[in-house]
Amino acid sequence: MLKNLYIENIAVIEKTNIDFTEGLNALTGETGAGKSIVIDSINAILGNRTSRDLIRNGAENAFVSAEFTELSPEMISAVEELGFEPEEDGSVLVQRELSLSGKGKCRINGRPAPVGTLKALGEKLIDIHGQHASYELMSPELHITYIDKLGELEQELSEYREVYKEYSRLRNELNKANVDESERARKLDLLSYQVNELEQADFYVGEYEELCDRRQIIENRERISSALNEAHDLLNGSDDSDGAIQQLEYACDSLESVLDCMPETDEIAKRIRNAVYELEDCRDELVSLNDAADSEGESLEEIEDRLDLIYTLGKKYGSTIEEMLDFLDNARKELEYLEKYDENKEELAKKCQKARIKAQELAKLLSEKRKTAAKAFSESVRREMTYLDMPNVELIVKIEECPLNNDGCDNVEILISTNPGEIPKPVAKIASGGELSRMMLAIKNVLADKDNVDTLIFDEVDTGISGSAARKVGLKLKEVSKTRQVLCVTHLAQIASLADTHFKIKKSVDSGKTYTEVTYLDHEGRRNELARIIGGVEITKATLDYAEEMLSSDS
C-alpha cells in the first residue's frame, strides 16, 4: 500500500508530507484547493507524462517521493523482474525529480531508473480511477478489455496475437509478391543491371583507403625519393664521406683496442655494435621503400579513374564500399527471389493460409470465452448498479463478428438502459455524468478480484450524484477498502464520513503567494470539515450536530 507521499514544489504545494493508512482514506477541500495536485503528484511518481507547468512558480525543481509497504509476493516479484530489490522490510521507495531544464531524475530504492521503468512499476502499485475512466466507458473500442479481464483471457489473447502477428507479416509479404508481371519484369531488369554493375566494379573493403595512400605516394614521388636517398647516404656514407654506420664501426674498433687494459669498454662497444646492426636494418628498409616507390605500377590517372568510379557508384548504392557491398548482397537475394517468383509465391501462399486458419481458430475460441464472460459481466455489473441506486438498469454486452484484427474477431460494446421500457443503447448516448460514475465504480468492483494492485485511487467518483446514491457509493468504497487500500478525492459528506482516515486540503495566501496544505484531521477536525461540506459557507450548530451524527453512525 501507499504508506507515505512527500511533495515539494508541485504547483501551489510548497512542501507537504502525507501518511496514508490502510482502509478508506478520504481527501476533501474546497474547489480549487489543490486536491487534483495530489493526484498529479501521484501520477508523476507512477511515471506518467508531466509538464514543466507543474513546477511551483519561482522554483527550479520539484520533487515527489512515495513509500510503498506491505507488498504482496506478486508485487515483490514484479519489482525484482524490473531489476530492483525491495528493502529488507519489503518496502519500495519511488522518487522523481522534475526540472525546468527538462532533465528530470527517477529513482527506485535509491537507484537510478528510466521513466519507462517507473511507469511499468507504477501500473502494478496503484490504479487511479478518475473522470478519464468514465470517458473510457464512452469509447466502445475499449470495452473489450473489461470482458477479457473478467474472463482472465490474457494467456489466450497473447497466444492469438503471436499467431496473428505472423499471419499479418506473411500476408503483407504475399501482397508485395502479387505485383503484375510487367512490374516484376521491370524490377528484374533493374536488379540485373545493378548487380552486374557492382560485380564488374569488383570493389573490396579497404580499397578506397589503399587507393588514396597510393595516390599520395605517386603525387609526392620525387620528394619521397629525395628524402629516402638522403637518409640512406647519411647512414651508409658516400664516395666523399663516411656515414653514421661507418663512424660507429670506427668507435667500436677504438673501444675494442683497449679491452686488454680497460675491460669496462667491452659493454659499451657491444651496445654500439648493436646500434650498428639496427642502423644497417634501417638502411636496407630505406632501399626497399625507395624501390617500391619507384616501381608503383599504376599511373596517377588509373588511380583517379578508380576513385571516380567509387564516387559515381556510391551516389547510387551507398556512400561507402561497405554499404555498396551490402546493397549488392541484398540485390542478389531479391533477384534470386524474383527469378523463382512462382515457386516462392506458391510456398508463401501456403504459409499464409496456414497462419490464417490458425488465427481464425484461436479467434473463434477467444470469442466463445468472451461470450461466456460477457454474460457474467452483464449480470455482475447490473447487480452492482442496482445497489448503487439504479434499480431499473438493463445492461448487455453486444459482441459482433468482425474481420481479424489484433484483438481477435469481435467488436465488443456495452449497451445500457437506465429507465424501464427503453431499449439498451450505447453508453455515450444514454448515461449521465452521475450514472457514468456509478457504472465505472460498479465495473471496478466487478473486476477488483482480477487485479493485483494494492492501492486504488478514486478521483471525484462522486461526480453527478447525491443523496442515497452518494451514500451507497461511499458504502461500496468502504467495502472495497476491506481488501485493499482506497484513496478517494470527494466533495460529498456521505462518502467522507465513512473514511478510516480523513485529510483536508486547504489553500491560503501569504505575502502574495499561494500555498496548499494537506492536514490530517482528528475527530473534531472531521466534524468541522463535514459541517463545511454540508453547510457551505456558514457552519451552524445544526450542521455540526448532523456531521457528528454521521460520524457516530459510520464508526
Side-chain angles (χ1 to χ4, degrees), residues 2-20 25 27-68 82-84 92-136 139 453 455-460 463 487-489 491 503-519:
L2 176 60
K3 179 69 174 177
N4 174 267
L5 180 68
Y6 174 76
I7 305 171
E8 183 177 325
N9 290 331
I10 296 288
V12 293
I13 296 180
E14 185 178 38
K15 285 183 182 179
T16 195
N17 195 66
I18 312 174
D19 290 319
F20 295 107
N25 295 256
L27 294 94
T28 62
E30 296 181 358
T31 301
K35 298 185 293 297
S36 62
I37 300 172
V38 175
I39 303 301
D40 288 341
S41 300
I42 294 175
N43 268 312
I45 214 70
L46 298 181
N48 292 321
R49 185 183 296 275
T50 61
S51 168
R52 296 177 188 176
D53 296 336
L54 203 58
I55 300 174
R56 182 176 173 82
N57 186 32
E60 293 292 325
N61 301 287
F63 179 78
V64 185
S65 74
E67 181 186 12
F68 296 88
L82 291 170
F84 296 87
V92 170
L93 180 66
V94 182
Q95 300 169 306
R96 186 172 184 183
E97 182 178 340
L98 309 177
S99 172
L100 288 177
S101 65
K103 298 179 180 179
K105 298 177 182 177
C106 302
R107 293 183 180 275
I108 299 175
N109 279 352
R111 290 176 52 198
V115 175
T117 300
L118 214 64
K119 188 173 181 63
L121 179 62
E123 290 174 351
K124 302 178 185 299
L125 290 169
I126 292 179
D127 197 354
I128 297 182
H129 297 270
Q131 295 180 7
H132 72 281
S134 297
Y135 299 148
E136 288 180 4
S139 303
V453 179
T455 300
L456 304 179
I457 297 179
F458 291 90
D459 183 14
E460 299 188 3
T463 299
L487 277 57
C488 181
V489 177
H491 292 286
F503 299 94
K504 180 179 180 180
I505 301 176
K506 182 180 180 181
K507 183 168 65 175
S508 61
V509 178
D510 184 15
S511 301
K513 289 188 176 182
T514 303
Y515 297 88
T516 288
E517 297 176 330
V518 182
T519 307

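Take N4 and apply the side-chain contact (heavy atoms from CB on, under 4.5 Å) test, not counting sequence neighbours, and it matches Y6, N17, D19, E67.
When all heavy atoms of R96 and C106 are compared, the closest pair comes out as CG-SG, 3.9 Å. Across every non-hydrogen atom of G102 and R52, the tightest pair is CA-NH2, 3.9 Å. Taking both residues in full, the closest heavy atoms of F20 and L2 are given as CB-O, 3.3 Å, listed atom of the first, atom of the second, then distance. For T28 against K35, the heavy-atom pair with the smallest separation is C-CD, 3.8 Å. Heavy atoms only, all atoms of each residue included: R111 and G83 are closest at NH1-O, 2.9 Å. The minimum heavy-atom distance between F84 and A113, with the atom names listed, is CZ-CB, 3.6 Å.
Residue-environment remark: CD (E517) stays at or below the threshold of 12 foreign heavy atoms within 6.0 Å. Around the NZ atom of K124, the shell of radius 6.0 Å holds no more than 12 heavy atoms that belong to other residues, nucleotides or ligands.
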Anything under 3.5 Å between a donor and an acceptor, one on a side chain of residues 59-66, the other on a protein residue two or more places apart or in another chain? List them.
residue	atom	partner	partner atom	Å
N61	OD1	S99	OG	3.3

For a quick test of your reading: what N or O donor-acceptor pairs under 3.5 Å do the side chains of residues 114-123 make, sequence neighbours left out?
residue	atom	partner	partner atom	Å
K119	NZ	N48	OD1	2.7

Show the numbers, then the answer: is there a side-chain contact (heavy atoms from CB on, under 4.5 Å) between N43 and T50? CA-CA 8 Å; N43 268 312; T50 61; over 6 Å; no

Dump the intermediate steps for side-chain contact (heavy atoms from CB on, under 4.5 Å) on E14 and N9, then the final yes or no. CA-CA 5 Å; E14 185 178 38; N9 290 331; 4.2 Å; yes

Can you list the steps and then say if L46 with I128 is a side-chain contact (heavy atoms from CB on, under 4.5 Å)? CA-CA 10 Å; L46 298 181; I128 297 182; 3.8 Å; yes

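Exactly one residue among L125, N25, I126, I42 makes a side-chain contact (heavy atoms from CB on, under 4.5 Å) with T455. That residue is I126. Here the rule is side-chain contact (heavy atoms from CB on, under 4.5 Å) with I10, and of L98, V38, T16 only L98 fits it.
K507 places no side-chain N or O within 3.5 Å of a backbone atom of T514 that could act as its donor or acceptor partner.
Atom CD1 of I13 is separated from atom CD1 of I37 by 5.0 Å, given to the nearest 0.5 angstrom. Atom CD1 of I457 and atom CG of L27 lie 9.0 Å apart (nearest 0.5 Å). To the nearest 0.5 Å, atoms CG (L5) and CZ (F503) are separated by 10.0 Å. In this structure, K105 NZ and Q95 CD are separated by 11.5 Å, a value rounded to the nearest 0.5 Å.
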